[in-house]
Amino acid sequence: MELEEQVGKILAYGEICDHCLGRFFGKRSHGLTNAERGNGLRVAHALRENIPYRPHEGPCWICHDLFPGIGAWAERVAGALEGIEHATFLIGTRVPPLMAESEELVWSDLGLEGPEPLKSEVNREVGKAVAAITGKAADLSRPEVVAILDLAGCTVEVEISPLFFRGRYRKLERGIPQTRWPCRACHGAGCERCGFTGKMYADSVEELIGRTAVEEFRAGDAILHGAGREDIDARMLGTGRPFVMELVSPRRRTVDLGALEEAVNRSAAGRVGVTIEGWSTRREVETLKSEKAHKKYRISVEVEGGIARNELEEALDRLRGAVVFQRTPARVVHRRADRIRERRVVDARVAGQEDGRFFLDVVGEAGLYVKELVSGDGGRTRPSLAGILGRPARVIGLDVLEVEGRKERE
Ligand SMILES: [Zn+2]
Ligand SMILES: [Zn+2]
């Protein structure tokens, strides 16, 4: 079907605006707006048919004359973005199904090859108008905010892109979980058992760092992604554990990370300490999660009936370098699948002695269950210190001294 014939058929469907008419041929020619295309086609049609030229007199059967309202939509967007710090933005549009169906009907009826959808013209035109009002740049790939126009509801929703920073934390106090732990009884709703907090523990490393970060970034939430995690009753000492903090819906983006580090360390003093290393990305969260870092633990061990240092050292000689087979520990098997894990003990040696107890330094592959390495977990972990000694042994205290992270980052 030739262009002239297609235009004649489109005009016969019903009253249509220049934008919608032009958009059906949106990929033809360059340097024209859809409205210019549409008006040109309307003029050409009148000349060819030798009929009186008549400009569009609404309402358009496809868009219901949406385009004269572009300026008002841009004002709505600018209003919704007020108070949200951003350098770049993107417009998205939720088109009512009936509007989309109307234009799609024409595409398929006439077999049009290069039409532009209504949604993309609205996004572009409102985007240009918003840029003119706010002075901010549209960014199609990584916008800091996205404004979504709901054409039917006449409303604008704003989605703020998250921000990420990375660092290392040290947990100086026992009994703090790494992340929020919802109450087992009420699953976060709040009940008598949890004192209506919805949580098993009043604080977490996530909150001790996140509370200050949420304030500084005026964010909706802060989510901690750690490179592994230590047990609640273990401290995280030494150089600290690498983490990435995700700020959800931050209304401020230009926060001084050095000042933030100081503020966190002041407010979490004695419980958690952080070093903030710089900005991060979603991608880095994934790398962090998949990293298989070795971990170094300092544990204090009690052996039933006491033990001589040389006997302990001989036992550790046999564990050093050994591959340990560990069934999911009895203490967590109620909430995790019962599997067998193979992990290597990279190093194990006596670090000190006090009141008949020994301190051991153990370096293990990521995921090694250290408490079970000592106790044997009723035979679920083999080999184990208790198994080698032939009598019960257990961990009295456990600290993480080091989590190997990548030293260099691109
Ligand atoms: Zn229209
Ligand atoms: Zn509860």
Side-chain angles (χ1 to χ4, degrees), residues 3 6-29 32-46 53-74 76 91-110 112 114-129 149-154 175-177 179-204 206-207 232 334-335:
L3 177 70
Q6 288 172 330
V7 171
K9 292 210 157 149
I10 290 167
L11 289 171
Y13 274 102
E15 188 58 43
I16 191 169
C17 74
D18 286 342
H19 288 266
C20 292
L21 177 56
R23 217 171 44 249
F24 285 127
F25 307 95
K27 303 245 166 82
R28 278 190 183 240
S29 184
L32 290 169
T33 65
N34 284 325
E36 286 164 346
R37 272 190 194 90
N39 187 248
L41 293 167
R42 199 185 298 276
V43 169
H45 178 74
Y53 167 76
R54 195 178 53 78
H56 165 63
E57 283 168 13
C60 168
W61 77 281
I62 290 175
C63 74
H64 309 295
D65 286 0
L66 173 68
F67 288 92
I70 289 292
W73 275 109
R76 254 174 236 135
I91 303 294
T93 303
R94 215 168 279 144
V95 175
L98 203 61
M99 278 192 195
E101 280 162 25
S102 301
E103 63 176 4
E104 282 161 21
L105 174 97
V106 178
W107 299 349
S108 64
D109 273 5
L110 304 185
L112 295 180
E116 185 189 11
L118 174 65
K119 183 199 279 272
S120 80
E121 184 177 13
V122 175
N123 290 348
R124 187 177 57 248
E125 294 305 318
V126 173
K128 280 195 272 183
L149 320 182
D150 183 358
L151 295 186
C154 229
I176 306 174
T179 53
R180 281 161 284 192
W181 192 334
C183 169
R184 259 190 218 117
C186 66
H187 303 286
C191 68
E192 228 157 274
R193 198 179 131 179
C194 60
F196 299 95
T197 60
K199 299 185 291 186
M200 299 288 287
Y201 298 86
D203 267 323
S204 58
E206 181 175 64
E207 290 161 290
I232 287 187
H334 63 280
R335 56 188 166 87

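Whatever order the structure lists them in is the order used to number ligands and atoms, beginning at 1. The residues of the chain are indexed from 1 along the displayed sequence. Source: prediction; values computed, not measured.
- Ion pairing between a basic and an acidic side chain is recognised when a charged N comes within 4.0 Å of a carboxylate O; R54 and E15 show such pairing.
- Looking only at atom types and distance, the side chain of N34 has a donor-acceptor partner in the side chain of R37 under 3.5 Å away.
- Checking H187 against the Zn ion (ligand 2), every N/O/S atom stays at or beyond the 2.8 Å cut-off.
- Between the Zn ion (ligand 1) and H64 there is no N/O/S contact shorter than 2.8 Å.
- Using a cut-off of 2.8 Å, one finds that C60 contributes an N/O/S atom close to the Zn ion (ligand 1).
- Closest heavy-atom contact between P182 and H187: CB-C, 4.2 Å.
- For the pair SG of C17 and SG of C20, the angle at the Zn ion (ligand 1) is about 110°; rounding is to 10 degrees.
- Using bins of under 30°, 30° to 60° and over 60° for the plane-to-plane angle, the ring pair W61/Y13 lands in the parallel bin.
- Looking at R23, R124, K27 one by one, the single match for side chain to side chain donor-acceptor pair (under 3.5 Å) with E116 turns out to be R124.
- With the Zn ion (ligand 2) at the apex, C186 SG and C191 SG define an angle of roughly 110° (rounded to 10 degrees).
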